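Written below as structure tokens is the structure these notes are about.
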Amino acid sequence: MRLLIKNGRVLDPTLGLDLIADVYIVDGKIEGVEENISVSADRILDAHGLWVLPGLVDIHVHLREPGEEWKEDIESGTRAALHGGVLRVACMPNTKPPVDTPEVCSAIIAKAKEKGYVPVYPIACITKGQAGKELTEFGRLKLAGAVALSDDGKWVQDSEVMRKALLYAKSFDLPIISHPEDQALSFGGQVNLGKLSAKLGLKGVPFTAETVAVVRDLLLAKETKGKLHLAHLSVKENLPFLRWAKEEGVNFTAETCPHYFHLTEWECDGYNTLAKVNPPLRTEDDVLAIKQAIKEGLIEVIASDHAPHSPLEKDVEFELASPGMIGLEFLLPLSSSLVREGLISPLKLLELLITNPAKVIGIEPPSLRKGEKAKIVLFDPEEEYLVTEDFIQSKSKNTPFLGKTIKGRVKKVILEDKVYEF
Ligand code: DOR
């Protein structure tokens with residue numbers, strides 16, 4: 001089977017490519033990327049006006065399997081990933097049971113091999129039962145396939161436990177992914193602390209809940225030289241501390257998610273549980289600061305924090321609703337606004353979505369290099385469309401973007417010689 005993708009804007013951060021060119025695929029492998037390839041092909045795809053890129057790597061995904069399959073499972077979650085052009089998924093360990101033993105880790109990998117549309121890389125817990133007390137067995141978890149360690153959903157509140165985790169993980173070359181939230185400060189919080197929390201009469205989460213945690217973890221990473229990844233940053237007060245850590249050469253990377261540079265706390269007005277998320281949506285100033293952090297290279301990863309919940313967890317009073325929103329299918333569309341706004345180049349954006357996240361978890365990113373198996377996304381950065389439940393492939397439909405018009409659409413995904421059309 002010979003497949004020719006014609007006249008797309010070929011963007012590959014692994015090769016530093018940004019040019020109008022053709023991509024030629026033979027028997028599922030990339031044969032060449034060049035201008036005006038004239039060969040006979042079994043199928044020609046016209047990519048005029050589209051971006052042609054290697055698949056995205058999303059390192060912050062809740063697949064909910066094992067234990068909460070009514071929200072999502074490995075099959076439905078990876079189908080949603082494919083629909084979003086995400087061709088590598090690292091999944092968070094706050095499942096039921098949590099991924100704190102090699103057995104659970106291996107079971108996820110086995111299930112993903114059987115049912116997954118795209119490869120899945122499990123992240124294991126830092127502490128047993130995510131209880132923040134006793135470290136898991138990092139070496140055995142790595143042997144079972146874990147690519148990182150995180151108690152995501154919870155911060156490791158005890159500084160000495162976190163310090164030991166950073167030291168111990170270093171010997172296995174595993175990153176520690178922190179969920180920076182001082183639970184003593186955020187306890188009972190429902191939305192950002194500010195005008196909206198006052199209006200709704202809900203307990204607010206102060207920015208300090210995040211920044212206190214960020215600063216402690218950066219200090220511990222500086223001392224231990226362990227590899228730290230800060231998940232889902234949302235507040236402007238982090239920026240001076242991230243700058244300081246860069247200057248100090250601290251071994252860290254930082255991540256944000258599209259909702260933190262698209263939405264503000266006001267999405268929760270009217271007690272909209274679809275916009276309830278942890279950390280909470282913040283203010284316009286925070287949105288601007290998160291964009292600034294991306295522009296400055298302080299934040300180097302954009303991940304979805306895909307957190308599916310069913311109506312059972314969302315169609316309830318605000319204080320009872322589970323935090324989180326789905327995001328795999330909106331990761332590229334929503335992130336592409338950074339390019340349209342002139343904040344960063346398309347190639348830079350794809351570093352944040354492909355090469356940098358792959359580096360955090362130590363995997364090879366998808367690439368258009370000759371000889372690679374095709375893992376290619378055709379994306380229209382200009383198409384506008386309404387987000388409907390029918391559009392969403394995830395089992396859960398919990399997103400505040402439902403009923404909104406967004407720009408940027410994944411049109412096709414090519415996996416070896418299979419072409420998925422959306
Ligand atoms: O909103 C969130 N939901 N934040 C988290 O850190 C966890 C996630 C979940 O698992 O639902």
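Heavy-atom basis, side chains included; hydrogens, waters and symmetry copies ignored. One-based numbering, in listed order, for ligands and for the atoms of each. From a predicted model like this one, the values you see are computed outputs, not experimental measurements.
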inquiry  = Is the contact between H179 and ligand 1 made by the side chain, the backbone, both, or neither, using heavy atoms and a 4.0 Å cut-off?
reply    = side chain
ask   = Which is it for R64 and ligand 1 at heavy atoms under 4.0 Å: side chain, backbone, both or neither?
value = side chain
task = Looking only at distances, please establish whether an N/O atom of ligand 1 is found under 3.5 Å from an N/O atom of A307.
result = no
task = Not counting sequence neighbours, list each pair that qualifies as a ring pair (Phe, Tyr, Trp, His ring centres under 6.0 Å) and has a residue in residues 63-84.
result = H83-F391, H83-F422
remark   = Given the options E75, E69, E65, K111 meets salt bridge (Lys or Arg N to Asp or Glu O under 4.0 Å) only with E65
task = Tell me whether the centres of the aromatic rings in H306 and H60 are closer together than 6.0 Å.
result = no
inquiry  = Let me confirm one number: the CD1-CG distance from I326 to N398, rounded to the nearest 0.5 Å.
reply    = 5.5 Å
task = Report, in ascending order of atom number, the atoms of ligand 1 lying under 4.0 Å from any heavy atom of G153.
result = 6 (O)
Structural part of M92 in contact with ligand 1, heavy atom criterion under 4.0 angstrom = neither
message = V277 versus ligand 1: do any nitrogen or oxygen atoms come within less than 3.5 Å of each other?
response = no
message = Once ring pair (Phe, Tyr, Trp, His ring centres under 6.0 Å) is applied, what residue pairs with a partner in residues 261-293 remain, sequence neighbours excluded?
response = none
message = Heavy-atom contact check, 4.0 Å cutoff: does H232 meet ligand 1?
response = yes
